[in-house]
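Notes follow once the structure below has been shown.
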Amino acid sequence: MDSLTFLGFNVDAWITIVTVFTMFTVLLTTKWRSDVVFLGAIGVLYVTGVLDAKEAFAGFSSTSVITVGVLFVVVAGLNHTGVLQGIVRYLLGAPKSYGKAVTRLMLPVALLSSFLSNTTVVALFVNIVKIWAKKLGVSPSKLLIPLSYASGMGGICTLIGTPPNLIISGLYEEHTGNSMNILATTIPGLFCLAVGVLSVIAMRRLLPDRKAPESAFESTGDYTVGLQVPSDNPHIGKTLGEAGLFHVNGGSLIKMSHFDNIPSPISEDEPIMGGDHLVYAGQIEDILSMAYERKLASDYGQVFSVNEIDNYRSLHTAYVKFGSELIGKTIESTTIEKDNDVILVAVSRSGERINTAPRNVVLAAGDTLLFICLKNFNAESSSMKDCLNFFDSDEVPNYGKGTIISSLIMITMVVLSALGIMPLLQCAFLAAAAMLLFRCCNMEQAMKAVNWEILMVFAGSAVLGTAIQETGIAEWLANGILDICGTNPIVVMTAVCFVGTFVTEFISNTAAGAMFFPIMYDAAEKLGYDPFPFLVALMISVSSSFATPIGSPTHMLVYGPGGYRFSDFLRIGLLMNIIILAANIFITSIVYPLTPLQ
């Protein structure tokens with residue numbers, strides 16, 4: 001069966017090609033979980049015999065995958081001892097110009113992202129930047145894209161800063177028996193970061209000046225209306241549902257208390273009594289119109305801000321994720337409010353509040369939702385965490401001696417690895433054990449910090465890279481690139497990195513790294529050059545996605561808070577892709593001169 005070929009590929013190669021294209025089509029056009037899609041792809045390659053059992057499941061025992069998993073525990077220790085929050089607290093000041101503000105923001109974010117998860121760093125900074133922008137009199141949209149860019153460019157500065165660096169370095173070690181130093185990408189990465197910061201400042205006019213989504217919630221349209229049930233109201237004795245007072249046009253019932261002023265459960269089955277107090281949030285005009293129809297009286301003319309609802313509830317802001325199951329639906333058509341004991345009171349899109357009943361708004365990616373929740377609401381344990389991003393966590397970091405201990409553990413891990421005293425994986429294991437031993441985090445917090453979906457995608461990406469190489473696809477593509485680009489190593493390096501930069505705008509950078517590793521490796525060997533410099537350039541390229549909000553998880557984190565549109569990333573991002581690509585090729589070829597194989 002392997003001897004059968006079509007257009008130069010055997011059956012196994014065509015199965016791999018169809019599997020890869022199908023997988024990415026599913027990821028781009030459906031809302032399926034990425035880990036399930038990658039696991040399905042591995043299953044297809046194994047069942048069809050493209051890979052044997054050892055090859056198909058080697059990704060799960062890969063040192064780079066295990067390293068990522070262990071590093072999640074290290075980050076949990078830093079998080080729970082307040083190290084990250086403490087750093088943020090003292091980094092930002094009151095710069096006098098936009099250029100100084102961008103520099104003050106991007107450099108520390110890049111530094112943190114060199115050793116920590118980019119997503120963690122950006123999630124930590126989003127709310128801080130919004131508050132900071134207000135103090136500076138700058139729209140958050142002018143700073144949140146630079147925030148996301150900085151995290152990506154910082155991640156490429158070390159092997160542990162971003163998953164593609166780990167997966168490419170892991171594959172390099174498997175192929176050559178030589179391990180990369182944790183700081184192998186530091187000098188090229190810092191140069192690209194400096195170029196990136198200067199480019200953002202120079203192109204600041206291309207950054208949009210959008211209204212913050214939260215500003216749409218500051219208008220009088222978001223006030224609540226207090227109403228009272230008169231003693232002669234015809235609906236007394238009925239339930240809220242029967243009287244049509246539970247679901248109303250233009251608003252939501254957010255509080256109810258009987259004549260004794262003790263809050264009552266908000267349920268369709270709650271009976272109505274004379275003297276009841278009802279509080280609605282939403283469109284005041286619609287609610288007052290409903291009150292007239294249902295013969296309700298004004299509760300002493302009380303109209304108050306949603307921030308003053310009561311001592312038992314609080315406001316939380318969430319953003320609809322890309323690929324969320326809520327896209328194209330209304331909240332009313334789901335059970336989210338009932339399942340999580342929350343109430344949606346307002347929706348904004350691109351910084352403008354949508355002037356219709358919040359529960360009837362057909363949601364889109366990036367929409368900002370304002371919820372009223374119980375005081376003890378925990379977004380991480382709610383059923384909404386998979387479809388919404390919450391940033392206003394009330395969790396307070398535990399400052400103390402653990403803050404110093406966790407910082408020393410992190411520094412020791414990096415130094416031991418950088419000096420080559422111990423392999424990175426061993427350093428990570430010791431650091432994670434130390435975090436638990438010194439109680440920087442407990443076992444439950446450590447296990448919660450491990451993102452199993454990312455690990456599954458990571459392992460699946462490594463397997464795809466193996467299949468692409470084993471079936472000869474990588475060699476065919478490498479030959480094709482050499483036929484087009486000739487034998488000039490710089491031209492070949494640039495061509496592969498160029499394609500990698502733009503492919504990673506649409507697929508996981510981890511998957512892009514695994515897919516392009518065998519192509520770049522084979523191309524370098526066929527040219528007769530040491531693959532190391534080529535792979536360093538590839539690491540930077542597959543993490544340099546600036547042109548679309550789906551190009552990086554951090555872009556998706558700032559998309560909603562910045563009130564951005566898809567085109568906002570294209571305007572500045574396409575130029576950034578080209579600029580960083582040029583800087584990458586230039587500096588990498590200087591730091592790591594291209595040397596022929598002996």
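Along the sequence shown, residues are numbered consecutively beginning with 1. What's counted below: heavy atoms across the whole structure, side chains too, no hydrogens, waters or symmetry copies. Since the structure is predicted, the reported quantities are computational estimates derived from the model, not experimental observations.
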**OP:** Decide yes or no on side chain to side chain contact (heavy atoms under 4.5 Å, CB included) for Asp530 and Leu597, but give the supporting numbers first.
**Re:** CA-CA 5 Å; Asp530 180 4; Leu597 290 169; 4.2 Å; yes
Ring pair (Phe, Tyr, Trp, His ring centres under 6.0 Å) filter on Phe546, not counting sequence neighbours, yields Tyr149
Side chain to side chain contact (heavy atoms under 4.5 Å, CB included) filter on Val20, not counting sequence neighbours, yields Thr16, Phe24, Leu464, Met515
Separation between CE (Met435) and CE (Met413), nearest 0.5 Å, reads 8.0 Å
Residues at least two apart in sequence or cross-chain that pass salt bridge (charged side-chain N to carboxylate O under 4.0 Å, His left out) with Lys100, listed by chain then number, are none
Tightest non-hydrogen contact, residues Thr501 and Ser544, listed as CG2-O, 3.4 Å
When rounded to the nearest 0.5 Å, the distance separating OG1 of Thr487 from NZ of Lys526 is 14.0 Å
Residues at least two apart in sequence or cross-chain that pass salt bridge (charged side-chain N to carboxylate O under 4.0 Å, His left out) with Asp568, listed by chain then number, are Arg210
Sorted by chain and residue number, the side chain to side chain contact (heavy atoms under 4.5 Å, CB included) partners of Asp483 (sequence neighbours excluded) come out as none
Next on the checklist: Just so I know, are the side chains of Arg204 and Pro146 near enough to count as touching, which here means a heavy-atom distance under 4.5 Å?
Outcome noted: no
Value for CG (Leu538) from CD1 (Ile168), rounded to nearest 0.5 Å, stands at 4.0 Å
To the nearest 0.5 Å, atom SG of Cys497 lies from atom CD1 of Ile585 at 4.0 Å
Validation: residues 156-167 side-chain donor-acceptor distances under 3.5 Å, sequence neighbours left out:
| from | atom 1 | to | atom 2 | distance (Å) |
| --- | --- | --- | --- | --- |
| Thr158 | OG1 | Ser114 | O | 2.1 |
| Thr158 | OG1 | Gly161 | N | 3.1 |
| Asn165 | ND2 | Thr158 | O | 2.9 |

Under 3.5 Å donor-acceptor, His555 side chain and Ser545 backbone: yes
Leu594 meets the side chain to side chain contact (heavy atoms under 4.5 Å, CB included) criterion, sequence neighbours left out, with Pro489, Ile490, Met493, Tyr529, Pro533, Phe534
With a sphere of 6.0 Å drawn around CZ of Phe586, does it hold more than 12 non-hydrogen atoms of other residues, nucleotides or ligands? no
- Query: Considering residues, nucleotides and ligands other than Leu425, do more than 12 of their heavy atoms fall under 6.0 Å from its CG?
  - Reply: yes
In terms of heavy-atom contacts, Ala101 and Trp132 come closest through O-CH2, 3.4 Å
### Minimum side-chain heavy-atom gap Leu430-Thr412 below 4.5 Å
no
d(Leu207 CG, Leu144 CG) to nearest 0.5 Å is 10.5 Å
Under the criterion side chain to side chain contact (heavy atoms under 4.5 Å, CB included), I'd like the reasoning laid out for Val129 against Leu105: C-alpha separation, chi angles, the key distance, then a yes or no. CA-CA 9 Å; Val129 168; Leu105 173 66; 3.7 Å; yes
Original post:
Any sub-3.5 Å donor-acceptor pair from Tyr592's side-chain atoms to Ala184's backbone N or O?
Top reply: yes
Across all chains, not counting sequence neighbours, the ring pair (Phe, Tyr, Trp, His ring centres under 6.0 Å) partners of Phe502 are Phe498
Smallest heavy-atom separation, Val536 atom then Pro188 atom, equals CG1-CG, 4.3 Å
- Message: Quick check: do Leu581 and Ser541 have side-chain heavy atoms less than 4.5 Å from each other?
- Response: yes
When every non-hydrogen atom of Val492 is compared with those of Gly486, the smallest separation belongs to CG2-O, 3.7 Å
Closest non-hydrogen contact found for Leu78 with Ser407 is CD2-N, 4.3 Å
Sorted by chain and residue number, the ring pair (Phe, Tyr, Trp, His ring centres under 6.0 Å) partners of Tyr172 (sequence neighbours excluded) come out as Phe532
Looking only at side-chain N and O atoms, does Thr554 offer a donor or acceptor that is under 3.5 Å from a partner on Ser148? yes
- Can you tell if the side chain of Met153 reaches within under 4.5 Å of the side chain of Met576, non-hydrogen atoms only? yes
- Query: Ser141 side chain to Gly562 main-chain N or O, any donor-acceptor pair under 3.5 Å?
  - Reply: no
Closest non-hydrogen atoms of Leu193 and Ala110, given as atom of the first, atom of the second and distance, are CD2-CB, 3.5 Å
| message | Do Ile327 and Leu363 have side chains that approach each other closer than 4.5 Å (heavy atoms only, starting at C-beta)? | response | no
The side chain to side chain contact (heavy atoms under 4.5 Å, CB included) partners of Ile411 (sequence neighbours excluded) come to Val415
Residues passing the side-chain hydrogen bond (donor to acceptor under 3.5 Å, both in side chains) test with Thr67, sequence neighbours excluded, are none
Asn577 meets the side-chain hydrogen bond (donor to acceptor under 3.5 Å, both in side chains) criterion, sequence neighbours left out, with Glu505
Next on the checklist: Could you check whether any side-chain N or O of Ser406 sits under 3.5 Å from a backbone N or O of Thr403, counting only pairs where one atom can act as donor and the other as acceptor?
Outcome noted: yes
In this structure, SG of Cys192 is separated from CD1 of Ile579 (nearest 0.5 Å) by 11.5 Å
(Q) Are the side chains of Leu143 and Tyr98 in contact, using a 4.5 Å heavy-atom criterion? (A) yes
For a 4.5 angstrom cut-off between non-hydrogen side-chain atoms, does Val463 reach Phe38? no
